[in-house]
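Note that ligands are numbered from 1 as they come in the structure, with each ligand's atoms numbered from 1 the same way. All figures in this text were calculated on a predicted structure; none of them were measured in a lab.
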Amino acid sequence: MKRGEMLYEGKAKKIYCTDDPHVVWVSYKDDATAFNGGKKGSIAGKGELNNRISAHFFEHLGSYGVAHHFVKLLSPTEQLARKVTILPIEVVVRNRAAGSLAKRLGLENGVLFPQPVVEFYYKNDDLGDPLINEDHIRLLQLAEPEQVAKIREEALNINELLLSRMDACEIILVDFKLEFGVDESGKLMLADEISPDTCRFWDRETGKPLDKDRFRRDLGDVEAAYREIWTRLGGTAHV
Ligand code: UDP
């Protein structure tokens, strides 16, 4: 597989085309941003850890029948993925109060919910990724109603699978963000990444955050936290 021209550079990844029109080459960067680009930095080793952690989660979810874009790892910081058109919706699943939800609803950080909460955000940097509901998605034609129903169901299924995967590592899965895409045949699948950049992971024993909140809130030891997640997942490097 040959790497072609760069199609897109995001905050944490670069996407290149390949000689297969249905496959893209994803290169994970050490760059970190938070607060809609208002805070910028670099976390040594993040690209490699997120590439490996995300590949691990996608393979795990795939083994339970979740359709996803991940194809294979190429190098410590690179992977191949199916080329999809990403729906401009961020899907957040929450098991406990934290971050923007705790603030918006005045809930105490860490409060466990009786059932998970699913939220949709409109992926639009100029608008600051506003919270939207299914009527707004229909109004803006961001996805078909059947796709939204499927996404909601799959997001809850993924939550159950990730909750038990992280429980086995003695980690609390507080919340996480997913993105979905559609391939050339119209098939809906999980895309983007699942990593400490996109999830809140707390150590079960101490409650210590092991995720991007360490960067957002200047808590220090960011790389060590990402590495801890990889180690607890039983991380072994195949490439
Ligand atoms: N999240 C993300 N990308 C975003 C916004 C949120 O990956 O652009 C993740 C975040 O890491 C957390 C969850 O989605 O695991 C919920 O984030 P929240 O809405 O609380 O926003 P935050 O407090 O992170 O700004």
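Considering Lys46, Lys212, Lys177 in turn, Lys46 is the only one that fulfils the side chain to side chain donor-acceptor pair (under 3.5 Å) rule with Asp197.
Residue-level contacts of ligand 1 at the 4.0 Å heavy-atom threshold are Glu90, Val92, Arg94, Ala98, Gly99, Ser100, Tyr121, Asp175, Phe176, Lys177, Asp197, Thr198, Cys199, Arg200, Arg216.
Ion pair Asp218/Lys39 flagged as a salt bridge, since at least one NZ, NE, NH1 or NH2 atom sits closer than 4.0 Å to an Asp/Glu carboxylate oxygen. Classification of Arg232 and Asp203 as a salt-bridged pair holds, one side-chain N sitting under 4.0 Å from a carboxylate O. With respect to Glu134 and Arg138, no salt bridge is recorded, no charged nitrogen being found less than 4.0 Å from a carboxylate O. We find that Lys83 and Asp20 are not joined by a salt bridge, their nearest charged nitrogen and carboxylate oxygen being 4.0 Å or further apart.
Aromatic rings of Phe120 and His136 (six-membered ring for Trp) have centroids beyond the 6.0 Å cut-off, not under it.
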